[in-house]
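For reference, the structure is listed below as C-alpha cells.
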Amino acid sequence: MDPIEDIKAKLNTPSNIAIITHRNPDGDAIGSSIALKLYLQKSAHKCDVILPSEYPSVFNYLPDLSEVSVFDLDRDRARHILKHADMIFCLDFNSLDRIDPLALEINESTAYKAMIDHHIDPEPFADWYMSDTESSSTCELVYRFIELMGDADQAISLDIATCIFTGIVTDTGSFKYATNPEVYRIASELKKKGVDDYQINDYIFNSWTGRQMSILGHALRNRLELIPEYKTGIISLTKADYHKYQIGRGDTEGLVNYILMIKGMEVAAFVREMPHGEIRLSLRSKGEISVQDLAHKHFGGGGHKNASGGSSKDSLADTIAKFKEVLPDFI
Ligand code: 5GP
Ligand code: MN
C-alpha cells in the first residue's frame with residue numbers, strides 16, 4: 001500500500017496525538033511541529049506539541065507557541081500527554097539521542113509512531129516514515145505531507161503557512177542552501193496564502209541584542225583560528241567566555257556560518273565548552289566535503305552533509321587537536 005494511505009487510515013479516527021521534536025529546538029523543529037498540530041486539529045484530533053527543552057524567544061511570533069509543553073519545565077505535563085497518546089509524530093530528528101531524556105518515554109510508549117524528517121540515517125524506532133534527506137527542512141516535508149493527504153488547498157491557514165515558512169527560511173538560511181525546486185514552489189504557495197515573508201525574516205534575523213553582538217565581536221576577534229591549507233576555520237569558546245559574556249542558549253546561533261563568509265573557507269567548526277562542561281561541536285562545509293561523516297565518525301553526532309553537530313568528552317584543547325588531526329581525511 002502507498003505509505004500515505006497507511007497514515008491516512010490511521011488518521012481516520014480522532015486520536016490523541018503527541019508531536020515531539022528535538023532538544024534545543026530551532027525554527028524548523030518548532031515551525032513543523034506547530035504546523036502539523038494546527039493541521040491535524042482540523043480533523044478533530046487532540047494534538048499536543050512537546051519540546052524537550054526551551055525555545056529561543058525570536059520565535060515568539062509563531063501562533064500557538066504558548067500552548068507547547070516543554071519537558072524540561074514541566075515533566076509531568078509532558079509525561080501525561082505521552083501516556084495518553086495513541087499516535088506520536090517525531091519531527092525533525094531521527095535518532096533518539098536527540099530527544100534525551102524523552103527517549104525512554106518514547107521507547108516505552110505503545111503508541112503508533114510516525115517520523116517526518118530530513119536527516120541522514122534514520123534509526124528504526126518508528127512505525128511509519130516520511131524521511132527525505134533531499135528536503136530543505138522538515139517544514140517542507142510537512143507541507144508535502146498535507147499535500148499528499150489531499151488538503152493543501154483547503155487546510156493551510158495563514159497560521160500554518162507562517163509556521164512552515166519559518167522552518168524553510170531558517171533551515172535554508174533564507175534560501176541560500178539546501179534548496180531544491182520544491183522549496184521555491186512551496187514558498188510561492190505559502191506567499192499566495194498570505195505569508196508575510198518580509199516580517200518573518202525581520203523577526204528572525206533582526207532581533208539581536210547588543211550583548212549578542214558583543215559575543216559575536218569577541219568570537220570573531222579573539223577566538224577565530226584560520227587554517228588556510230585546509231580551507232578551514234575554527235571558532236572556540238571556553239567555559240570562562242560563557243561566564244564572562246553571560247552566554248545563554250541561542251546566543252551563539254549562526255556563529256559558525258560567519259567562517260564560511262571568508263573567501264576560500266570551505267569547512268567551519270564552532271567548538272565550545274558548555275557551562276556544565278560538555279564539549280559541543282557545530283560543523284559546516286561547502287560542496288562535497290561531508291562534515292556529517294566527520295561528526296559521525298569522530299564526535300558521536302551527525303546531521304546533514306554540509307551541516308552537522310557532535311560532542312566530545314575530552315577537554316576543549318584536546319577536542320580541537322583531534323578535530324585538526326582527523327580533518328585532512330575529509331578534505
Ligand atoms: P547545529 O550545529 O546547528 O547544532 O546542528 C546542525 C545539524 O546537525 C542539525 O541538523 C542537527 O540536527 C545535527 N546535529 C547537531 N548535533 C547533533 C548530534 O549530536 N547528533 C546528531 N545525530 N545530529 C546532530
Ligand atoms: Mn530541520
Side-chain angles (χ1 to χ4, degrees), residues 19-36 51-53 55-56 58-59 89-101 103 115-123 125 130-145 163-173 177-180 183 186 204 234-237 249-260 267-272 274 278-285 290-313 319 323:
I19 299 169
I20 165 165
T21 189
H22 61 78
R23 179 160 272 281
N24 298 330
D26 52 18
D28 190 34
I30 308 165
S32 60
S33 299
I34 299 179
L36 185 68
L51 310 177
S53 62
Y55 54 83
V58 290
F59 298 113
F89 274 85
C90 299
L91 264 55
D92 203 38
F93 71 95
N94 68 6
S95 69
L96 289 172
D97 63 7
R98 301 280 291 143
I99 55 164
D100 184 58
M115 180 195 291
I116 303 182
D117 178 64
H118 67 133
H119 295 91
I120 295 171
D121 293 336
E123 281 178 4
F125 63 83
M130 185 174 186
S131 163
D132 179 5
T133 57
E134 297 297 310
S135 278
S136 66
S137 53
T138 300
C139 277
E140 177 188 334
L141 289 174
V142 166
Y143 184 91
R144 281 161 50 189
F145 174 76
C163 291
I164 295 177
F165 197 85
T166 292
I168 292 178
V169 164
T170 53
D171 264 29
T172 64
Y177 40 75
T179 59
N180 65 64
V183 170
I186 293 167
I204 298 173
I234 305 171
I235 290 175
S236 54
L237 289 178
R249 204 191 289 279
D251 287 340
T252 55
E253 190 67 44
L255 183 54
V256 66
N257 297 311
Y258 283 86
I259 297 168
L260 294 183
V267 178
F270 169 40
V271 192
R272 66 270 197 200
M274 307 294 288
E278 192 200 13
I279 309 291
R280 293 277 321 156
L281 294 94
S282 282
L283 305 174
R284 300 291 185 272
S285 61
S290 172
V291 285
Q292 200 272 339
D293 288 344
L294 197 161
H296 182 67
K297 196 159 173 207
H298 297 288
F299 297 105
H304 311 278
K305 187 165 92 175
N306 298 132
S308 276
S311 58
S312 163
K313 296 216 171 353
T319 304
F323 173 77

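Order of listing sets the numbers, starting from 1, for every ligand and every atom in it. Numbers here simply count residues along the sequence, with the first being 1. From a predicted model like this one, the values you see are computed outputs, not experimental measurements.
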Backbone N or O of [Y] within a donor-acceptor pair of the [X] side chain at under 3.5 Å?
X: Ser290; Y: Asp293; answer: yes
X: Glu123; Y: Leu96; answer: yes
X: Asn24; Y: Ser53; answer: no
X: Asn180; Y: Val183; answer: yes
X: His119; Y: Asn94; answer: no
X: Ser308; Y: Gly302; answer: yes
X: Asp28; Y: Cys139; answer: yes

Please report whether ligand 1 has a polar contact with [X], defined as an N or O pair separated by less than 3.5 Å (distance criterion only).
X: Gly300; result: no
X: Asp97; result: no
X: His304; result: yes

Against heavy atoms of Gly303, which atoms of ligand 1 measure under 4.0 Å?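 Under 4.0 Å from Gly303, ligand 1 has these atoms: 8 (O), 13 (C), 23 (N).
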
With atoms numbered from 1 as shown, which atoms in ligand 1 lie under 4.0 angstrom from a non-hydrogen atom of Arg280? 15 (C), 16 (N), 17 (C), 19 (O)

Can you tell me if Ser311 has a non-hydrogen atom under 4.0 Å from ligand 1? no

Distance, nearest 0.5 Å, that separates CE of Met130 from CG of Asp117: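 Going from CE on Met130 over to CG on Asp117, the span is 11.0 Å.
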
Side chains of Phe270 and Ile259: closer than 4.5 Å at any heavy-atom pair? no

Is the shortest side-chain heavy-atom distance between Phe59 and Thr166 below 4.5 Å?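 They are in side-chain contact.
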
How far is [atom] from its nearest protein heavy atom, and which residue and atom is that?
atom: atom 9 (C) of ligand 1; result: His119 NE2, 4.0 Å
atom: atom 11 (C) of ligand 1; result: Arg98 NH2, 3.3 Å
atom: atom 15 (C) of ligand 1; result: Gly309 CA, 3.4 Å
atom: atom 21 (C) of ligand 1; result: Gly302 N, 3.3 Å
atom: atom 4 (O) of ligand 1; result: Ser282 OG, 3.8 Å
atom: atom 7 (C) of ligand 1; result: Ala307 O, 3.4 Å
atom: atom 20 (N) of ligand 1; result: Gly301 CA, 3.5 Å

Select one of side chain, backbone, both or neither to describe which atoms of His296 lie under 4.0 Å from any atom of ligand 1, heavy atoms only.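 For His296, no heavy atom sits under 4.0 Å from ligand 1.
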
Just jot down the ring pair (Phe, Tyr, Trp, His ring centres under 6.0 Å) partners of His22, sequence neighbours excluded, or say none. none

Among Glu123, Arg284, Glu253, which one has a heavy atom closest to atom 3 (O) of ligand 1?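 Shortest heavy-atom distance from atom 3 (O) of ligand 1: Arg284.
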
Measuring from the Mn ion (ligand 2), count protein N/O/S atoms under 2.8 Å, please. 4

Applying salt bridge (charged side-chain N to carboxylate O under 4.0 Å, His left out) to Asp132 and not counting sequence neighbours gives Arg144

Applying salt bridge (charged side-chain N to carboxylate O under 4.0 Å, His left out), can you list everything that pairs with Arg23, at least two apart in sequence or on another chain? Asp72

